[in-house]
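Okay, structure first, notes after.
What you are looking at is a predicted structure, and each value in this text was computed from that prediction instead of being measured. In the text below, chain A, chain B and the rest are named by the order of the sequence lines, each starting its count at 1. Note that these values count all heavy atoms, side chains included, but never hydrogens, waters or copies made by symmetry.
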Protein chains: 2
Amino acid sequence: MANPLQTRFAAADIAQAEQYLAHEPPTDIDPRIERLVNELIGRIADKWTLLVLEELEAKGTLRFTEIGRLVEGISQKMLTQTLRQMERDGLLTRTVHAVVPPRVDYALTPLGNSLSAAFCGVWVWAERNLETVENARTTFDARD
Amino acid sequence: MANPLQTRFAAADIAQAEQYLAHEPPTDIDPRIERLVNELIGRIADKWTLLVLEELEAKGTLRFTEIGRLVEGISQKMLTQTLRQMERDGLLTRTVHAVVPPRVDYALTPLGNSLSAAFCGVWVWAERNLETVENARTTFDARD
DNA sequence: TGCTGTAGTTACCCGAAGGTGAGAAATGGC
DNA sequence: GCCATTTCTCACCTTCGGGTAACTACAGCA
């Protein structure tokens, strides 16, 4: 398996994402979209959301403590907070089973799955340009 | 112009991005890519990088103070910091003209342009799902 | 002589993000 | 009776991102 992204994204998605790298987009855009994109990226980048999204995407349905184990380093507080926000945004469903001890299942909604897929272009970019970025940094740090 | 994204991205990019929304990707991935993606998203989400990227993409070459005016609310400190990081990653070039008062030009590299393009999928997702997310939030906030 | 403008750097300070650890509720098992 | 388990919430405290404002260097200009 030469290309690790092939284990993650559909071939057609990858093929298309490559085409992103050949164009140059212009000008202004609807401020509501702009705000949502910024907010989304801000949320995704809160360090935990993306990781939770990935685990749920890979594993399907998971319990609270299972996610906690899979997402290494996350505190209970941040796990709860992250899951609540994602639920609020409609990215996942939270199912409480009325048993003792409590059992709560989390699973991505189609919306959650599609958000993950929307980041395919970024994954492809990162794979293609990993070395370019690393070289740029080395060069930059060594100058003078 | 019904679709504001059409002013920003090429038609083919948008068409493909729509296809992202129909698949479900699996399993694990090269940790180096993983790290770069997380770092990238973290950097993009530092609130300023994405905005600087957009302005440079839209306007081409800009001076320090021009970017400062265009990116509303950014402080000198953060502008400098953001530009330095982007330069280090090879996303833009910094050209110093030895004149008085100083003149410094910033412009995206092809790498910088392609990063912006890589986020096309996210923009398309946001446009398609803006109302879904807003409705989900309203419903969530109103429950109980 | 001193004021202006550009592109920064530096020191200081504040608020918020996030980690830690305790508690809570409910019930089956020893 | 007491402990363990699970999914949280709450209070406390620390860290750090980022804002503000002052300072620099240099030349033209009034």
Would you say the side-chain atoms of A/Thr109 pair up with the backbone N or O of A/Gly112, donor to acceptor, closer than 3.5 Å? yes
B/Ile74 and side-chain contact (heavy atoms from CB on, under 4.5 Å): which partner among B/Ile67, B/Leu51, B/Leu79, B/Thr80? B/Leu79
Spacing between A/Arg103 atom CZ and D/dT7 atom C1', to the nearest angstrom: 13 Å
When you measure from the side-chain N and O atoms of A/Tyr106 to the phosphate of D/dT7, is any distance below 4.0 Å, counting only OP1 and OP2? no
How close or far is atom C1' of C/dG18 from atom CD1 of A/Ile74, stated in whole angstroms? 11 Å
Look at the aromatic rings of A/Phe119 and B/Phe119 and report parallel, tilted or perpendicular, splitting at 30° and 60°. perpendicular
Look at the side-chain N and O atoms of B/Arg43 and state whether any lies under 4.0 Å from the OP1 or OP2 oxygen of D/dG17. no
Just how far, in rounded Å, is P of D/dT20 from CE of B/Met78? 12 Å
Separation of C/dT6 P from B/Leu62 CG (nearest whole Å): 15 Å
Is the shortest side-chain N/O distance from A/Arg94 to OP1 or OP2 of D/dC8 below 4.0 Å? yes
Using the closest heavy atom to pick a nucleotide of DNA chain C for each, name whichever of A/Pro102 or B/Glu66 lands nearer the 5' end. B/Glu66
With a cut-off of less than 4.0 Å, is there a side-chain N or O of B/Arg69 near OP1 or OP2 of C/dT6? no
Is B/Thr65 near enough to C/dG5 that one of its side-chain N or O atoms lies under 4.0 angstrom from OP1 or OP2? no
Quick note, B/Pro101 side chain, CB onward, closest among C/dG5, D/dC8, C/dG19 is C/dG5
In whole angstroms, the gap separating P of D/dC16 from NZ of B/Lys47 amounts to 20 Å
Short side-chain N/O contact from B/Arg63 to OP1 or OP2 of C/dA7, under 4.0 Å: yes
B/Leu79 atom CG is separated from C/dT9 atom C1', nearest whole Å, by 14 Å
A/Thr80 or B/Gln76: which one's nearest nucleotide on DNA chain D is closer to the 5' end? A/Thr80
Per nearest nucleotide of DNA chain D, the residue lying toward the 5' end, A/Lys77 or A/Leu83, is A/Leu83
What's the separation between atom CZ in A/Arg137 and atom CG in B/Asp89, rounded to the nearest 0.5 Å? 4.0 Å
Nucleotide C/dA16, atom P - distance to CG of A/Asp46 in whole Å: 18 Å
Which whole-number value in Å describes the distance from B/Gln81 CD to C/dT9 P? 10 Å
What is the minimum heavy-atom distance between B/Tyr106 and B/Arg94, and which atoms define it? OH-NE, 3.1 Å
